[in-house]
J.: 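Dropping a structure here in structure tokens format, bear with me for questions.
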Amino acid sequence: QLQLVESGGGLVQPGESLRLSCTTSGFTLVYKDIGWFRQAPGREREGVSCISAGGDTTADADFVKGRFTIYRDNAKNTVYLQMNSLKPEDDAVYYCADLKFGCVGRWYDGHSVDFWGQGTQVTVSS
């Protein structure tokens, strides 16, 4: 069972940046397509960004295009989500997940995810 651990969340003001990290111990992420998702209170979990194992393919939800960037450092066994120009509507718990069917198609609905971690809270408030 691949258990991913998210970190890097925190409290920031609108317009500021955060970088989230996703890693695991005991397993390698090198061959895994990884997705970032988020869930705000009272809302369904939604896909944010995903990246293929080799890092050559990425996909972003429309609401983060131009602001968030997903990338990976396989040497560090880590996938990152760089979040710039944060808005109050980005306030949510962010999760990373192993995409069983890859960073393709309807990855953003989360149906290919078998296991969810604890997530990391991102709070955007002035």
J.: Of all residues at least two apart in sequence or in a different chain, which pass the side-chain hydrogen bond (donor to acceptor under 3.5 Å, both in side chains) check with Ser52?
T.: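 So Ser52 forms a side-chain hydrogen bond (donor to acceptor under 3.5 Å, both in side chains) with Asp56.
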
J.: Throw together a table of side-chain donor-acceptor distances under 3.5 angstrom for residues 118-126, partners on residues two or more places apart or in other chains.
T.:
| unit_1 | atom_1 | unit_2 | atom_2 | d |
| --- | --- | --- | --- | --- |
| Thr120 | OG1 | Gly9 | N | 3.0 |
| Gln121 | NE2 | Asp91 | OD1 | 3.4 |
| Gln121 | NE2 | Ala92 | O | 3.4 |

J.: Does anything in residues 36-65 form a ring-ring contact (aromatic ring centres under 6.0 Å, His included)? List the pairs, not counting sequence neighbours.
T.: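 Counting only pairs at least two positions apart or across chains, the ring-ring contact (aromatic ring centres under 6.0 Å, His included) contacts touching residues 36-65 are Phe37-Trp107, Phe37-Trp116.
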
J.: Does one hydrophobic cluster hold both Tyr108 and Leu81, with members joined at side-chain heavy-atom distances below 4.5 Å?
T.: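 No, it is not one cluster - the side chains of Tyr108 and Leu81 are not joined through contacts under 4.5 Å.
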
J.: Does a sphere of radius 6.0 Å around CD in Glu89 hold more than 12 heavy atoms from other residues, nucleotides or ligands, not counting ones at 6.0 Å or beyond?
T.: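 Yes, because the 6.0 Å sphere around CD of Glu89 holds more than 12 heavy atoms from other groups.
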
J.: Name all residues meeting the salt bridge (charged side-chain N to carboxylate O under 4.0 Å, His left out) criterion together with Glu46; count only those two or more places apart in sequence or in a different chain, and write none if there are none.
T.: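 Testing Glu46 for salt bridge (charged side-chain N to carboxylate O under 4.0 Å, His left out), a comparison that skips the adjacent residues, returns Arg38.
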
J.: Report the C-alpha distance between Leu86 and Ser17 in whole Å, list the side-chain angles of each, state the deciding distance to 0.1 Å, and finish with yes or no for side chain to side chain contact (heavy atoms under 4.5 Å, CB included).
T.: CA-CA 6 Å; Leu86 282 161; Ser17 300; 5.5 Å; no

J.: Same hydrophobic cluster for Tyr80 and Phe68, using side-chain heavy-atom links shorter than 4.5 Å among ILVMFWY?
T.: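 Different clusters.
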
J.: Going by heavy atoms in the side chains, are Tyr94 and Glu6 under 4.5 Å from each other?
T.: no

J.: Is Lys87 paired with Asp90 through a side-chain N to carboxylate O contact shorter than 4.0 Å?
T.: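 Between Lys87 and Asp90 there is no salt bridge, as every charged N stays at least 4.0 Å from the carboxylate O atoms.
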
J.: Hey, is the main chain of Asn77 close enough, under 3.5 Å, to the side chain of Thr23 for a donor-acceptor pair?
T.: yes

J.: Taking the side chain from Thr24 and the backbone from Gln3, do they hold a donor-acceptor pair closer than 3.5 Å?
T.: yes

J.: How about Lys76: does its NZ atom have over 12 heavy atoms from other parts shown lying under 6.0 Å from it?
T.: no

J.: Any chance you could measure Met83, atom CE, to Ser49, atom OG, to the nearest 0.5 Å?
T.: 10.0 Å

J.: Could you tell me whether Arg67 and Asp60 make a salt bridge, using a distance below 4.0 angstrom between a side-chain N and a carboxylate O?
T.: no

J.: Are the side chain of Gln82 and the backbone N or O of Arg19 linked by a donor-acceptor pair below 3.5 Å?
T.: no

J.: Kindly write out the residues that satisfy side-chain hydrogen bond (donor to acceptor under 3.5 Å, both in side chains) with Lys65, not counting sequence neighbours, or none if the list is empty.
T.: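 For Lys65, the residues satisfying side-chain hydrogen bond (donor to acceptor under 3.5 Å, both in side chains) (neighbours in sequence not counted) are Asp62.
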
J.: Give the minimum heavy-atom separation between Val12 and Glu16, together with the two atoms involved.
T.: CB-OE1, 3.4 Å

J.: Using a 3.5 Å cut-off and no angle test, enumerate the donor-acceptor pairs between side-chain atoms of residues 26-34 and protein atoms at least two apart in sequence or in another chain.
T.:
| unit_1 | atom_1 | unit_2 | atom_2 | d |
| --- | --- | --- | --- | --- |
| Thr28 | OG1 | Val30 | N | 3.1 |
| Asp33 | OD1 | Ala53 | N | 2.9 |
| Asp33 | OD2 | Cys103 | N | 2.8 |

J.: Linking I/L/V/M/F/W/Y whenever their side-chain heavy atoms sit closer than 4.5 Å, directly or via other members, would Val113 and Ile51 fall into one cluster?
T.: no

J.: Less than 4.5 Å apart, side chain to side chain, heavy atoms only: is that true for Arg72 and Thr78?
T.: no

J.: Flag yes if Ile70 and Leu18 sit in one hydrophobic cluster, no otherwise; membership is Ile, Leu, Val, Met, Phe, Trp, Tyr, and two members link when side-chain heavy atoms are under 4.5 Å apart.
T.: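 Both belong to a single hydrophobic cluster.
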
